[in-house]
Amino acid sequence: MITLHDLLPPVLVHGALPTENPEITSIHMDSREVVSGGVFFCIEGYTVDGHEYAEQAVRNGACAVIAKYPLPLSVPVLVVRDTQKTMAIAASRFYQHPTGEMRLIGITGTNGKTTTSHLLEAVLKENAVQTGLIGTMYTKINEEIFETKNTTPESVTIQKIFRDMKDQDVDSCIMEVSSHALDLGRVRGCDFNTVVFTNLTKDHLDYHETMDKYRQAKSLLFSQLGNSYEGEEKTAVLNADDSASLFFEKVCPAPVLTYGIDEPADIRAENISMTPTGTSFTIVTPWGEESLSLSMAGKFSIYNALAAATAALSEGISLSTIVSALGKVKGVAGRFELVESEEEFAVIVDYAHTPDSLKNVLETAREMAAGSVYTVVGCGGNRDKTKRPEMAKIAVTLSDMSIFTADNPRDENPASIIDDMTIGLTNTNFKVIEDRREAIKYAIEHAEPGDLVLIAGKGHETYQIIKDEVFSFDDRKEAETAIKNKTHK
Ligand SMILES: CC(=O)N[C@H]1[C@@H](OP(=O)(O)OP(=O)(O)OC[C@H]2O[C@@H](n3ccc(=O)[nH]c3=O)[C@H](O)[C@@H]2O)O[C@H](CO)[C@@H](O)[C@@H]1O[C@H](C)C(=O)N[C@@H](C)C(=O)N[C@H](CCC(=O)O)C(=O)O
Ligand SMILES: Nc1ncnc2c1ncn2[C@@H]1O[C@H](COP(=O)(O)OP(=O)(O)OP(=O)(O)O)[C@@H](O)[C@H]1O
Ligand SMILES: N[C@H](CCC[C@H](N)C(=O)O)C(=O)O
Ligand SMILES: [Mg+2]
């Protein structure tokens, strides 16, 4: 039984705690979801201010409200400095600190989080660890999959997920930690054991404004790690080849393990050989070295494998288990995923939606293709506009033909997004086909034996968001249909 007084450390509450101390049945940030005995946190959002909904929350049965300033309500109002961060701490207390009872591994970085988290999941499973996973594609508890809205959901949601995981005997949870989540305090109250950094390149500047602020947000995962929590060891896993790691190491109180290819690192890939369909290398660690073959192409895949391997080593897993598990992974859905076909050209669906990821996959695609490379790509609406011209420039530079199209235009006009992409482009090897289905058809219709069609930006997504509507749309299925209907001369 948790009471209102148990929910918040008194030091966080401005003024005396109310004399009432009701039992709490649930905690909420959405007034529409409040039930009798629930506590409502007023969050100042980007669209509306949760304080405006406090009365509705009380009407729905809230027994207390947590706010930034006093509100004239019939239930106790506890005033705190930061409702969002306080909510995260309260959520952990409400669910009785589930992350203190399990291993929690957080992965942050611009690209590679989802891939690395799946690689690490495979390694932990190989070691008979019961796993949970929270990320872009879904939340997974052992083998069961649940849909979640954000890559890193709100604190009230994640703490409940952790408790559910614990109830289902999960030993280790792997969580993608987005920069938004760090900045908005969604992961306050999480007791991380190992935290991993993939890389830092341009994205989300609509939200963070500058690369410095973006890096600062990412650094919170490392600076909040702490030295120990009830005696448990903590480790930060950093990419030695990314200069942001120097900053993260400075702000991190816990020991650091580095991985890398080009710069000196604790865990290194040496004797690298890359083929169009995979990579192999020697993984060199302070605990020995072994040969590793990956069925995932590109230098970026080696980085993801090294990040997962280093996190696994810091979790106490043997190098031989790591190598055996990584060798068995076929790939991650929507990440450099080959569309099955009888055709003599390759069609690949990938989630590259940043300049750096697009460059990486196109470089890999170029090496695979004997003939021409076609790239079908767009940029998301209501998202960082600065990446649009950069992505278009990379597409035309590294492809023979680019087809610029829509990718979740959301509230924006798809044609204006494409204008932002093509503005200033002097190259002429591109076409604009706003309708994504038609764009995919065009590329596949023109592909010849030896060519490669890269369909980038949506990966595993099964929808297209236009204004407020979410339409079913899956690049892989669209590609299959286009291949089936292709006219052969
Ligand atoms: C910028 C951002 O993160 N926005 C998140 C935020 O939305 P918001 O600020 O617009 O919320 P709001 O609508 O103004 O509402 C404010 C408060 O009033 C409450 N409210 C509202 C209406 C009502 O009737 N009653 C009520 O109580 C809301 O529940 C909320 O607590 O709070 C919502 C509720 O939790 C989130 O779903 C939403 O994420 C949106 C969907 C989003 O797109 N977020 C992106 C930017 C994001 O977080 N992305 C990252 C990274 C992705 C990546 O890796 O690339 C992620 O982790 O997903
Ligand atoms: N280590 C890496 N470095 C650069 N690019 C990568 C790396 N790993 C994957 N990519 C590219 O980035 C895309 C997205 O990869 P992934 O989904 O693993 O990243 P993410 O960090 O989870 O992205 P998001 O923030 O959108 O969830 C891939 O489809 C691939 O094109
Ligand atoms: N997690 C990222 C994914 C972008 C994927 C792309 N398809 C888009 O919609 O912009 C975001 O929400 O910014
Ligand atoms: Mg992800």
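Both counts, for ligands and for their atoms, begin at 1 and track the order of listing.
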For [X], take its heavy atoms, then give the atoms of ligand 2 lying under 4.0 Å from any of them.
X	answer
Glu176	22 (O), 27 (O)
Thr136	27 (O)
Val361	30 (C), 31 (O)
Asp356	4 (C)

| For ligand 2, does Thr114 get within less than 4.0 Å through its side chain, its backbone, both, or neither, judged by non-hydrogen atoms? |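 It is both parts that get close, each with some atom under 4.0 Å.
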
| said: One residue to check: Thr110. Relative to ligand 2, which of side chain, backbone, both or neither has a non-hydrogen atom less than 4.0 Å away? | reply: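 For Thr110, the contact with ligand 2 is made by the backbone alone.
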
| request: Under the salt bridge (Lys or Arg N to Asp or Glu O under 4.0 Å) rule, what do Asp49 and Lys68 come out as? Steps first, then yes or no, please. | output: CA-CA 11 Å; Asp49 183 351; Lys68 270 184 97 168; over 6 Å; no

| Check: Thr116 side chain, Lys113 main-chain N or O, donor-acceptor pair, under 3.5 Å |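 Checked: no pair found.
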
Heavy-atom nearest neighbour in the protein, as seen from [atom], with distance rounded to 0.1 Å:
atom	result
atom 27 (O) of ligand 1	Ser31 N, 2.8 Å
atom 19 (O) of ligand 2	Gly112 N, 2.8 Å
atom 18 (O) of ligand 2	Thr115 OG1, 2.5 Å
atom 4 (C) of ligand 2	Asn360 ND2, 3.2 Å
atom 42 (C) of ligand 1	Asn150 ND2, 3.7 Å

Do [X] and ligand 1 have an N or O pair less than 3.5 Å apart?
X	value
Tyr207	no
Met29	yes
Glu154	yes

Considering only heavy atoms, does [X] approach ligand 1 within less than 4.0 Å through its side chain, its backbone, both, or neither?
X	result
Ser178	side chain
Glu176	neither
His51	neither
Tyr46	both
Phe40	side chain
Asp203	neither
Met87	neither
Glu44	neither

| Do the side chains of Asp475 and Arg436 get nearer than 4.5 Å, heavy atoms only? |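 When only atoms from C-beta onward are counted, Asp475 and Arg436 do touch, with a gap below 4.5 Å.
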
| task | Kindly confirm whether the Mg ion (ligand 4) is within less than 2.8 Å of some N/O/S atom in Thr136? | result |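 Given the 2.8 Å cut-off, Thr136 counts as a ligand of the Mg ion (ligand 4).
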
| query | Just wondering, is there an N, O or S atom on Thr151 that's nearer than 2.8 Å to the Mg ion (ligand 4)? | reply |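 Under 2.8 Å: Thr151 has no N, O or S contact with the Mg ion (ligand 4).
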
| How close do Ile466 and Pro409 get, heavy atom to heavy atom, and via which atoms? |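 Shortest heavy-atom separation between Ile466 and Pro409 comes out as CG1-CG, 4.0 Å.
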
| query | If you look at every heavy atom in Asp350 and Ala352, which pair is closest and at what distance? | reply |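 Heavy-atom minimum between the residues: OD2-N, 2.8 Å.
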
| request: Might you check, step by step, whether the distance between atom 7 (O) of ligand 1 and some protein heavy atom is under 4.0 Å? | output: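 No, there is none.
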
| the Mg ion (ligand 4) - name of the N/O/S atom of Glu176 that sits closest to it |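 The atom in question is OE1.
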
| Out of Arg186, Gln56, His180, Arg410, whose heavy atom sits nearest atom 51 (C) of ligand 1? |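 Nearest option to atom 51 (C) of ligand 1, by heavy atoms: His180.
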
| request: For this output row, return yes or no: ring centroids of His28 and Phe41 closer than 6.0 angstrom. | output: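 No, the ring of His28 stays outside the 6.0 Å limit from the ring of Phe41, centre to centre.
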
| said: Within the structure, is a non-hydrogen atom of Thr198 found at a distance of less than 4.0 Å from ligand 2? | reply: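 Thr198 does not count as a contact of ligand 2 under the 4.0 Å cut-off.
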
